[in-house]
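For reference, the structure discussed in these notes is given below.
Computed from a predicted model, the values in this text were never measured in an experiment.
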Amino acid sequence: SYSSVSVEAAIAYGNSLNYLLERDEHHFNAGAFSFCFWAKQQSLGFITNLLTKPQPKEVRSFVASPFSGIPREELRKERFHSVTLTGNSGRVVVNHWLVESLDEANTNLKQWFKDLDLDTIPPVPEDGRSYPAIDDLCRATVRDPKDSNADLPAQLYRAAIEGTPVSLSLIKRARSE
């Protein structure tokens, strides 16, 4: 449904959204989605790189010490904000809204990379390991890109940031491929 807002509020949120979408440190795109995120005190630019172009050294550094020098209590107080956007007939659609502590987002993102760190035979040295980006994971679930689940990038983003499981239908489909 539509919500009525004042002209001043519409201008303010439009300008804020444009600010986030113009800066790579506050957003990235995957599939039909734009993922925007911010925190008041902490810089979160590394999140875009971790989820779109994960480099093994950066991932290891993040998992070992994402916010070194910042007391854990501050991370618990700081809020991580995220909005997942799509478009429909020239309008912006808010697909998902999230507010959680930066500490929770940090814990979930660390677990995401631990889950993606698969053992191989023969073992790959730590500096040679690679981590897939969200787009890579989406492509890996289907043989033909046209068969891709349109909601998959949003599911994977939520799994990384919120620690939510992906849908069972995705797991069933990936197993049947």
Side-chain angles (χ1 to χ4, degrees), residues 1-54 58 62 66-67 70-113 132-139 141-142 145-171 173:
S1 74
Y2 297 102
S3 299
S4 51
V5 296
S6 69
V7 171
E8 294 83 12
I11 290 170
Y13 78 69
N15 288 339
S16 298
L17 186 56
N18 285 336
Y19 176 88
L20 295 171
L21 291 169
E22 290 169 357
R23 289 163 177 77
D24 288 342
E25 67 267 19
H26 291 292
H27 96 284
F28 69 93
N29 299 319
F33 297 94
S34 288
F35 303 95
C36 300
F37 41 85
W38 66 98
K40 287 185 180 178
Q41 303 297 321
Q42 301 300 322
S43 172
L44 303 177
F46 64 91
I47 291 176
T48 296
N49 285 339
L50 287 174
L51 294 176
T52 62
K53 297 175 243 154
E58 289 177 18
F62 170 77
F67 292 99
I70 299 171
R72 183 110 191 225
E73 192 54 40
E74 283 186 38
L75 293 178
R76 287 186 182 118
K77 290 179 186 174
E78 175 81 80
R79 306 313 290 166
F80 174 87
H81 302 266
S82 175
V83 62
T84 302
L85 306 169
T86 57
N88 185 9
S89 302
R91 292 191 171 105
V92 173
V93 177
V94 175
N95 182 274
H96 185 68
W97 177 263
L98 169 70
V99 179
E100 66 183 356
S101 75
L102 191 53
D103 188 50
E104 287 175 274
N106 172 49
T107 298
N108 294 333
L109 197 52
K110 283 170 60 171
Q111 187 60 50
W112 168 259
F113 284 107
I134 285 182
D135 279 337
D136 297 330
L137 290 169
C138 290
R139 284 190 297 275
T141 64
V142 292
K146 72 177 189 297
D147 296 333
S148 180
N149 176 347
D151 190 46
L152 184 55
Q155 285 186 45
L156 295 174
Y157 176 76
R158 290 185 65 194
I161 299 296
E162 292 181 63
T164 60
V166 295
S167 73
L168 288 176
S169 63
L170 169 66
I171 295 167
R173 191 174 69 225

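When the side-chain hydrogen bond (donor to acceptor under 3.5 Å, both in side chains) test is applied to R79, no partner is found at least two apart in sequence or on another chain. Not a single side-chain hydrogen bond (donor to acceptor under 3.5 Å, both in side chains) links T84 to another residue, sequence neighbours left out. For N95, the side-chain hydrogen bond (donor to acceptor under 3.5 Å, both in side chains) criterion is met by no residue, not counting sequence neighbours. By the salt bridge (charged side-chain N to carboxylate O under 4.0 Å, His left out) test, E162 is found to be paired with R158, residues two or more places apart in sequence or in another chain being considered.
Atom OG1 of T107 is separated from atom CD1 of I161 by 11.5 Å, given to the nearest 0.5 angstrom. In this structure, CD1 on I47 lies 11.5 Å from OG1 on T52, to the nearest 0.5 angstrom. Here CD1 of I134 is found 8.0 Å from OH of Y157. Values are rounded to the nearest 0.5 Å.
Taking the charged nitrogens against the carboxylate oxygens, R76 and E73 do have a contact shorter than 4.0 Å, which makes a salt bridge.
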Cut-off 3.5 Å, no hydrogens considered: what does the side-chain donor-acceptor table look like for residues 38-45, sequence neighbours left out?
none

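The two residues T141 and C138 come nearest to each other via the heavy atoms OG1-O, 2.7 Å. Contact record, P153 with F33: CB-CD1, 4.0 Å, taken as the closest heavy-atom pair. Scanning all heavy atoms of the two residues, the minimum distance from D135 to G31 falls at OD1-N, 3.9 Å. Contact detail for C36 and L17: the closest heavy-atom pair is SG-CD1, 4.3 Å. Shown here for A30 and F35, the closest heavy-atom pair between the two residues is CB-CE1, 3.8 Å.
Among residues at least two apart or in separate chains, side-chain hydrogen bond (donor to acceptor under 3.5 Å, both in side chains) pairs with a member in residues 12-29 are N29-S34.
The aromatic ring centroids of F46 and F62 lie less than 6.0 Å from each other.
Looking only at side-chain heavy atoms (C-beta outward), W112 and L156 come within less than 4.5 Å of each other.
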Could you walk me through whether F37 and L20 pass the side chain to side chain contact (heavy atoms under 4.5 Å, CB included) check?
CA-CA 8 Å; F37 41 85; L20 295 171; over 6 Å; no
Take L98 and F80, measure what side chain to side chain contact (heavy atoms under 4.5 Å, CB included) needs, and give me the verdict at the end.
CA-CA 8 Å; L98 169 70; F80 174 87; 4.2 Å; yes
